[in-house]
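Keep in mind it's a predicted model, so treat the numbers as computed, not measured. Each residue takes its place number in the sequence, starting with 1.
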Amino acid sequence: MWRVALSKATRIALGLILACIANHANAQERYALVIGGLGGAPDQTSRIASHLEDTYNAFTGPLGFARDNVIVLAERAIAGSDYVSGESTADGIRARFAELSGRLTPEDEIYILLFGHGSYDGEQSALNIPRRDLPGNDYAALSNELTAARIIWICTMSSSGPFIQALSGTDRIVITATQSGTQRNQTIFPTYLVESLTEPAADLDRDGSLSVKEVFQYAAQQTALHYETEGHLATEHSLLDDNADGEGTRVETLDESRDGYIAGVTWLRRTQVLLGDPTLASERTALETQIATLKSRKSQMGTDAYYAELETLFVALARLNDRIEGEL
């Protein structure tokens, strides 16, 4: 344990930060909207159905989402399943976004996952759904109707790369299975993405928690390994964007990029083992998020301003860790 002597001004500033964090922590809910597109053939419909069901079971099981907060939409052939809430038509999707817009608060998080086949018209990508498809700009407009602390998009279909440009924004994480609209082959990525939600090996640092960054890294690395093992040239390269610049980063260069900091402190599962007070985990996550945001902006700041702000946040984190240790 280490302690730091603080000036009066710093103590006041940190008190305000932690008060805001505590208010944010108390009301957070997590939601998921899982959308399955058209299979086009029985085996493809079955594959999509399996991904949807496994994702629903992961969110409502080990990841701890409330069942009422997990919505699954699918084509009519699957829509009668117990875990499916409705049909994945454009009208059905719009209706669910409208419903969520009325439920979400500024403290909440929402995960939106797309499964199925993608298409690309030279400008925009779309998930193939019953009747009229919705292109990326339509999903972006629907996102803009949501008020949430964070929106996480995971687009697992072929030709999904352009969703990065369409959906990128402040307080958003966007993951795509491909790096461009022209990567049109059926993707392997969704298989490993779904696997990552419950696979212990996806917890890459073995700390008991599971971040969105770890989910992306596991799925991307396993996808690359699949092609290598099969001796095939990879026809998909997944991307992650979380710094609102509209430029995704591949897993091979993630550690050297400005992406990944926010995804690294966005938790699908957070261990409670070190906590005596249940609010402390959320307080710590909020401070870690501020640090991650600052790190992603380093190249845009002066050196002195960056390190001064970073020191203040690290001091706040150290004080919070002292509180956590005091609860043990």
Side-chain angles (χ1 to χ4, degrees), residues 17 21 24-25 28 30 32 58 62-64 108-113 148-155 164 167-176 189 192-193 195-224 238-275 280-301 306 309-310 313-314 316-318 320-321 324:
I17 290 171
I21 292 169
H24 171 85
Q28 186 183 71
R30 299 186 301 164
L63 298 180
D108 297 335
E109 291 181 350
I110 179 166
Y111 291 76
I112 305 167
L113 295 89
R150 191 155 299 148
I151 301 175
I152 301 95
W153 280 91
I154 304 179
C155 308
I164 292 279
L167 299 172
S168 179
T170 303
D171 297 322
R172 293 185 187 177
I173 301 169
V174 186
I175 291 171
T176 62
F189 182 81
Y192 296 111
L193 184 283
E195 184 175 286
S196 74
L197 302 178
T198 56
E199 169 56 53
D203 176 13
L204 299 178
D205 59 9
R206 301 294 190 269
D207 67 349
S209 298
L210 181 66
S211 70
V212 173
K213 181 180 180 180
E214 287 177 317
V215 162
F216 169 72
Q217 289 174 302
Y218 178 87
Q221 290 166 355
Q222 292 299 121
T223 298
S238 51
L239 299 178
L240 182 149
D241 171 71
D242 65 358
N243 68 346
D245 67 355
E247 297 181 4
T249 301
R250 286 173 53 170
V251 70
E252 298 91 341
T253 58
L254 191 59
D255 289 341
E256 294 79 43
S257 77
R258 290 172 53 206
D259 285 315
Y261 291 106
I262 302 302
V265 292
T266 302
W267 307 102
L268 281 155
R269 184 183 68 244
R270 190 75 196 264
T271 181
Q272 300 293 312
V273 68
L274 50 69
L275 301 175
L280 294 182
S282 295
E283 291 183 24
R284 180 167 167 174
T285 296
L287 263 178
E288 290 170 340
T289 299
Q290 292 183 62
I291 292 169
T293 302
L294 179 63
K295 288 181 175 179
S296 72
R297 294 172 45 231
K298 180 179 179 181
S299 63
Q300 303 170 326
M301 301 176 63
Y306 171 76
E309 192 170 342
L310 187 65
L313 291 172
F314 274 144
L317 185 60
L320 181 58
N321 285 336
I324 290 172

Can you measure from [atom1] ([X]) to [atom2] ([Y]) and round to the nearest 0.5 angstrom?
X    : Y    : atom1 : atom2 : value
R172 : I112 : CZ    : CD1   : 8.5 Å
L268 : E109 : CG    : CD    : 8.5 Å
I175 : I154 : CD1   : CD1   : 4.5 Å
T253 : D259 : OG1   : CG    : 8.5 Å

List for me each residue that meets side chain to side chain donor-acceptor pair (under 3.5 Å) alongside [X], sequence neighbours excluded, and say none if there are none.
X    : answer
T223 : none
Y218 : E195
R30  : none
D245 : N243

Quick check: do [X] and [Y] have side-chain heavy atoms less than 4.5 Å from each other?
X    : Y    : result
S209 : R269 : no
L254 : F216 : yes
L294 : M301 : yes
D241 : T249 : no
L193 : S238 : no
I152 : I110 : no

Please confirm whether the backbone N or O of [Y] pairs with a side-chain atom of [X], one donor and one acceptor, at under 3.5 Å?
X    : Y    : result
D108 : Q28  : no
S168 : G246 : yes
R150 : T266 : no

Practice problem: Using the test side-chain contact (heavy atoms from CB on, under 4.5 Å), find all partners of E214 that sit at least two apart in sequence or belong to another chain. | Solution: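 Scan of E214 (side-chain contact (heavy atoms from CB on, under 4.5 Å), adjacent residues dropped) gives D203, L204, D205, L210, S211, Q217.
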
Practice problem: Determine, stepwise, if the pair I262 / I173 fulfils side chain to side chain contact (heavy atoms under 4.5 Å, CB included). | Solution: CA-CA 8 Å; I262 302 302; I173 301 169; 4.3 Å; yes

Practice problem: Going by the side-chain contact (heavy atoms from CB on, under 4.5 Å) test, name the single residue among I151, L63, V212 that passes it with Y111. | Solution: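 Going through the options one by one, the only one that passes is V212.
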
What closest approach, in Å, do [X] and [Y] show between heavy atoms, and which atom pair accounts for it?
X    : Y    : value
A263 : L240 : CB-CD1, 4.0 Å
T198 : A58  : CG2-CB, 3.8 Å
V215 : S196 : CG1-OG, 3.2 Å
T170 : A244 : N-CB, 3.7 Å

Quiz item: For E252, what residues pass the salt bridge (Lys or Arg N to Asp or Glu O under 4.0 Å) criterion, not counting sequence neighbours?
Solution: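 R250.
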
